[in-house]
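Take a look at the structure set out below.
Computed from a predicted model, the values in this text were never measured in an experiment. Just so it is clear, the values below take in all heavy atoms, side chains as well, and ignore hydrogens, waters and symmetry mates.
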Amino acid sequence: MSNANINRQWRLKTRPKGMVSEANFEYREEPIPTPRNGQILVRNLYLSFDPAMRAWLWDRPSYIPPVGIGEVMRASAVAQVIESKKPGFEAGDFVVGAFGWQDYAATTGGGPVPVTKIPPGVPLTWPLGVLGMTGLTAYFGLLDITDPKAGETVVVSGAAGAVGSVVAQIARIKGCRVIGIAGGSDKCRWLVERARVDAAIDYKSEDVAGRLKELCPKGINVYFDNVGGETLEAVLNNLALHARISLCGGISQYNAEGRVPGPANYLSLLVQRARMEGFIVFDYLPRFGEAIAELAGWVMADEIRIEEDIQEGFENIPKTLLRLFEGKNLGKQLLKLADPPTKR
């Protein structure tokens with residue numbers, strides 16, 4: 001048990017070479033910070049774990065600065081305000097923000113995505129998942145980047161993960177024929193039975209390229225890529241004319257050592273007059289409200305079904321990050337730190 005006046009933290013100790021490990025982080029204890037004027041003091045309740053966190057550990061330019069050696073590991077979290085010296089926030093408010101791997105954080109609430117209050121009645125985990133960056137990434141990455149049309153064939157890799165599971169269900173809502181790629185029979189069964197996609201491919205036990213040719217005889221119109229690597233190459237070999245690819249991530253390559261090669265068959269994009277486009281969800285910040293409202297409507301109407309993998313225990317934080325790269329999570333990966341000291 002930790003002292004009530006101590007702020008437990010996990011800080012970045014060394015940059016990973018290859019697969020990230022628990023040894024890349026070190027445990028620290030510090031006094032709970034005192035908020036200055038213009039700041040709020042929050043206590044973290046739930047932490048979010050996302051594949052992009054691995055990219056934040058690279059010591060090279062990206063869309064967001066890397067986590068520095070010795071810094072608290074960056075992470076989104078749901079928290080409760082303990083003390084406020086910032087207008088618009090009061091003790092007891094529930095908020096979501098980038099508070100990091102620690103029990104407490106003092107913050108002005110600024111940054112690329114400002115700290116925001118969680119409306120009454122919204123389950124505390126949802127702003128880290130379907131109503132947070134996860135759902136927003138799925139929404140804009142599918143609808144704005146690829147503009148899927150009813151009747152088109154949409155393939156989603158990492159389809160049983162946090163983003164992929166929402167993408168697959170939005171595509172189904174839009175009237176598309178949806179094929180999900182995931183690892184393991186349980187995840188594939190969830191995709192067909194719960195997410196209600198048309199078919200699922202188990203990349204651990206099936207020939208992905210062969211199954212795509214079998215399931216997509218007229219080619220793939222839209223591909224939402226979460227994994228890169230061999231799966232992307234298999235899709236490129238089976239594109240329909242004027243196909244669109246949304247490049248969201250490449251989890252299969254995040255822990256690779258050395259330079260990661262691009263797809264050998266990228267000229268398929270030329271032959272099929274196709275388009276592959278990357279995106280960063282922060283670019284859509286002015287439209288977040290619009291997307292959250294539509295996502296919430298779909299959830300309430302049971303059009304989008306949510307799956308959460310919630311681990312517990314501060315000591316298990318680094319280990320929980322590894323679950324993403326070991327393929328252990330189904331749906332959104334979270335870790336619970338505490339129950340709210342003040343009930344909603």
- request: Check E30, Q9, R43, R8 against Q102 for a side chain to side chain donor-acceptor pair (under 3.5 Å) and give me the one that passes.
  value: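 Only match with Q102 under side chain to side chain donor-acceptor pair (under 3.5 Å): Q9.
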- request: Evaluate the side-chain contact (heavy atoms from CB on, under 4.5 Å) criterion for residues V235 and D225: first the C-alpha distance (whole Å), next the side-chain angles of each, then the deciding distance (0.1 Å), finally the verdict.
  value: CA-CA 9 Å; V235 169; D225 188 19; over 6 Å; no
field: Electrostatic pair E277-R244, nearest N-O below 4.0 angstrom
entry: no
Give every donor-acceptor pair under 3.5 Å between a side-chain atom in residues 267-274 and any protein atom, sequence neighbours left out.
| residue | atom | partner | partner atom | Å |
| --- | --- | --- | --- | --- |
| S268 | OG | L236 | O | 3.2 |
| S268 | OG | N265 | O | 3.1 |
| Q272 | NE2 | L239 | O | 2.9 |
| R273 | NH1 | V271 | O | 2.7 |

- prompt: Apart from V81 itself, what residues make up its hydrophobic cluster, given side-chain heavy atom links below 4.5 Å?
  reply: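 ILVMFWY cluster around V81 also holds I40, V42, F89, V95, F99, V115.
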task: Report yes or no: do Q311 and T320 form a side-chain donor-acceptor pair below 3.5 Å?
output: no
- prompt: So does R15 have more than 12 non-hydrogen atoms from other groups sitting under 6.0 Å from CZ?
  reply: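 Yes, CZ of R15 has more than 12 neighbouring heavy atoms, counting only those of other groups under 6.0 Å.
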Side-chain heavy atoms of [X] within contact of [Y], under 4.5 Å:
| X | Y | answer |
| --- | --- | --- |
| T153 | R177 | yes |
| V155 | C216 | yes |
| Y203 | V227 | no |
| E152 | V222 | yes |

message: Exactly one of V20, I317, T14 should register a side chain to side chain contact (heavy atoms under 4.5 Å, CB included) with F25. Which one does?
response: V20
Show me the donor-acceptor pairs, under 3.5 Å and distance only, between side chains in residues 130-146 and residues at least two apart or in other chains.
| residue | atom | partner | partner atom | Å |
| --- | --- | --- | --- | --- |
| T134 | OG1 | K332 | NZ | 3.2 |
| T137 | OG1 | M133 | O | 2.6 |
| Y139 | OH | E294 | OE1 | 2.6 |
| D144 | OD1 | R287 | NH2 | 3.4 |
| D144 | OD2 | R287 | NH1 | 2.6 |
| T146 | OG1 | L142 | O | 2.5 |

